[in-house]
Amino acid sequence: MDLLIPLMVIIPITCALFLNLLYKKDRTVKTIAILAALTLPALPILANYGLHYFGGYAPLANNTIPNTSLPPLITGTALNVFHPAITYSFQSAQKLFVFILGLVALLAIFISLYETRRPSGVYAYMMFMGVAAVTAILLTDDIFNLYVFFEIAALATVGMVLVSQIEGNYETALKYMIMGNIAGPLLLLGIALLLGVTGNVNITDIIYALKNGLVNPHSPVVLMACGLIVFGWLYGSGLPPFHTIKSGMYSKALPHGAALMQAFSVFIFVAMGIIILRIFSYLPFSKLVILGVSLVAMILGITMAIQQTDIKRMIGFLAVGELGYIGIGIGLGTTFGITAGLFQAVNEALLTALVFIGFGTVLYQTGISDTRELGGLMLKNPMVALVVLLSGFALAGIPPFNAFQSKLLLIQSSVQAGLPELGVIMILLSIVTFMTFMKAFHAVYMRPMPIDLEIKNKKIPNATIISMLVLLTVCLIIGLFPQLAIGYLQPLAASLAGGVP
Amino acid sequence: MNLYDFILKRIKAIQEKTDAEGPITNISASSVLTAEITLISTILLAVSMLRLVNKSLMIVAVLLVLFTAILAMPLMPRIKRELNDSLAYMMFYMILALAIIITLFYWGSLNV
């Protein structure tokens with residue numbers, strides 16, 4: 001067992017709790033937060049692949065010391081392979097996901113500490129707690145453990161909005177909580193039903209029970225559980241019908257907070273989507289529902305985005321729309337499609353964070369996010385405008401950036417799966433994404449500056465500019481060398497597709 | 001009256017009903033027009049995937065969607081009005097989505 005695997009969750013949680021105690025001790029908060037944030041992308045690089053059993057309780061079959069004292073009732077049955085401990089699985093795909101999440105978190109925390117003159121321990125607490133929760137969701141093989149961290153991630157997201165001090169933030173956060181109070185317990189009910197029929201919360205064991213006839217896979221209880229877990233997945237990732245409130249949450253958070261929140265959504269989407277595929281892929285409707293919901297998310301997200309006048313709301317809707325691309329790949333169910341979907345997830349987490357942070361500089365300078373009241377900012381910061389423009393190119397899938405590679409793979413995989421219509425829809429929506437972005441870019445940077453527009457902060461913090469350049473560079477590197485990311489994702493995709501190329 | 005004027009007129013009518021703030025500019029009208037065309041074309045493309053189930057069903061569905069879209073145009077301002085920040089609207093669509101998902105998995109898996 002590699003002890004670094006649980007540390008990926010334990011360090012941010014410990015740091016969050018500790019920072020909360022240091023309220024108003026700004027310099028100490030800054031130092032500890034930066035040091036802890038640096039470990040977030042570093043740990044997944046250093047950790048070895050493997051499984052971690054909390055408490056050290058490995059399945060009996062894996063026990064190297066033969067236990068002859070146990071009766072055949074245990075050693076000769078499924079009990080021999082069941083997992084008694086909460087198990088964390090760290091493989092190549094998790095390595096890449098946790099690294100990207102850690103990188104976005106590092107940059108978001110870095111910006112928050114420098115843009116906020118008095119960095120509050122509470123805000124940093126929320127960010128670290130959210131990162132710990134989403135990392136655990138990515139690593140865990142225990143569905144109840146997933147639920148616990150799912151709720152922590154939702155609460156951390158609400159907390160990040162509550163402390164943003166943006167007008168209307170309390171109302172939006174309250175609505176999100178109310179909807180979470182319905183979706184969360186329904187997810188828990190789905191998990192309870194699975195526990196009820198299989199007697200297990202370990203995902204590998206649940207799959208074993210379903211595939212080996214220990215439980216009727218078409219039992220109404222299992223079907224109901226599937227429906228409820230899918231519903232929880234929609235809430236966690238902000239897919240329709242939760243896309244309106246999710247985009248509202250993004251718009252009521254600080255830009256770096258929104259950048260981190262969308263990374264949470266992307267990785268919760270991926271983690272739960274993988275679990276749904278692993279457990280329920282035998283149901284004919286599972287992939288169809290993933291495809292259908294993703295298609296609706298793409299269409300509604302992007303068509304709603306183009307009509308927005310608030311830049312943060314616009315990016316929020318675009319983020320929801322981009323989630324749909326990931327879902328299309330996963331829903332196709334082929335190795336090629338799932339690889340493309342997971343690759344798109346990695347790219348989206350980076351790109352949407354970059355766009356949020358890029359347009360966040362406008363909010364930092366002017367305090368305004370309504371495009372009708374903005375203009376002429378290119379003259380103030382031509383370099384920042386160029387980086388924002390490039391981030392928009394990347395988001396729309398223009399070469400040589402990363403999303404071009406993943407969107408191309410998605411289109412190819414949809415054609416290969418016999419659904420070229422999906423490819424045409426993705427091309428069409430990428431064009432509209434580009435139009436949406438250019439509309440906002442023109443309004444903010446290229447139009448003559450309104451006479452009454454006041455620049456409150458002339459200088460954009462170096463931390464923000466450095467973060468943007470780091471994200472842009474990573475996007476460019478992955479765009480030029482896509483195999484760097486794809487190589488990590490292919491083993492998981494192949495196992496999920498079950499041999500379908 | 002050309003299509004652009006027709007859509008502009010409908011947007012104004014819907015905007016008056018919803019007490020939406022701000023004037024209707026060329027940018028907002030063209031945004032709605034783009035969204036409208038995108039919505040209809042993507043739905044038509046999505047419906048054409050019904051060919052995998054039955055080709056006749058696909059033809060009927062495409063024609064039905066096309067006529068409905070033409071008759072109900074513009075759709076986008078209505079969708080925007082439905083997908084607002086009101087908790088009541090969001091709860092309604094949440095319950096609707098839950099009903100659809102449970103029906104698909106529960107009834108669909110047992111009967112289809």
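Each chain gets a letter, A, B and so on, in the order the sequences are listed, and its residues count up from 1.
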Does A:Glu171 have more than 12 heavy atoms from other residues, nucleotides or ligands lying within 6.0 Å of its CD? no

Evaluate whether atom OH of A:Tyr170 has more than 12 neighbouring non-hydrogen atoms of other residues, nucleotides or ligands under 6.0 angstrom away.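 Atom OH in A:Tyr170 is not crowded, with 12 or fewer foreign heavy atoms closer than 6.0 Å.
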
Search all heavy atoms of B:Ala35 against all heavy atoms of A:Ile306 and return the closest pair with its distance. CB-CG2, 3.7 Å

Quick one: closest heavy-atom pair of B:Phe105 and A:Cys226, and the distance? CE2-SG, 3.2 Å

Which answer fits [X], side chain, backbone, both or neither, if we ask what part of it has an atom under 4.5 Å from a heavy atom of chain B?
{"X": "A:Leu428", "result": "side chain"}
{"X": "A:Met298", "result": "neither"}
{"X": "A:Ile431", "result": "neither"}
{"X": "A:His243", "result": "side chain"}
{"X": "A:Leu288", "result": "neither"}
{"X": "A:Ile245", "result": "both"}
{"X": "A:Lys439", "result": "side chain"}
{"X": "A:Phe242", "result": "side chain"}

To the nearest 0.5 Å, what is the distance between [atom1] ([X]) and [atom2] ([Y])?
{"X": "A:Tyr176", "Y": "B:Leu87", "atom1": "OH", "atom2": "CG", "answer": "14.0 Å"}
{"X": "B:Ile101", "Y": "A:Trp233", "atom1": "CD1", "atom2": "CH2", "answer": "8.5 Å"}
{"X": "A:Thr244", "Y": "B:Leu83", "atom1": "OG1", "atom2": "CG", "answer": "4.5 Å"}
{"X": "B:Leu104", "Y": "A:Leu223", "atom1": "CG", "atom2": "CG", "answer": "11.5 Å"}
{"X": "A:Leu295", "Y": "B:Ile43", "atom1": "CG", "atom2": "CD1", "answer": "9.0 Å"}
{"X": "A:Gln307", "Y": "B:Ser28", "atom1": "CD", "atom2": "OG", "answer": "9.5 Å"}

Of all of A:Thr309, A:Val230, A:Val222, which one pairs up most often with chain B through heavy atoms under 4.5 Å apart?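 Sorted descending by pairs with chain B, the first entry is A:Val230.
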
Looking only at A:Leu234, A:Ile182, A:Leu186, the option with the highest number of non-hydrogen pairs under 4.5 Å against chain B is A:Ile182

Side chain, backbone, both or neither: which part of B:Thr34 has a non-hydrogen atom closer than 4.5 Å to chain A? side chain

Count the heavy-atom pairs under 4.5 Å between each of B:Leu98, B:Leu39, B:Ile79 and chain A, then report the option with the highest count.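 So the answer, after comparing B:Leu98, B:Leu39, B:Ile79, is B:Leu98.
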
With respect to chain A, which residue among B:Asp85, B:Leu52, B:Thr38 yields the maximal number of heavy-atom pairs within a distance under 4.5 Å? B:Asp85

One pair to check against side-chain contact (heavy atoms from CB on, under 4.5 Å): A:Leu228 and B:Ile102. What are the steps and the verdict? CA-CA 7 Å; A:Leu228 294 173; B:Ile102 297 296; 4.0 Å; yes

Proximal to chain A - members of residues 90-97 of chain B, heavy-atom separation under 4.5 Å: B:Met90, B:Met91, B:Tyr93, B:Met94, B:Ala97

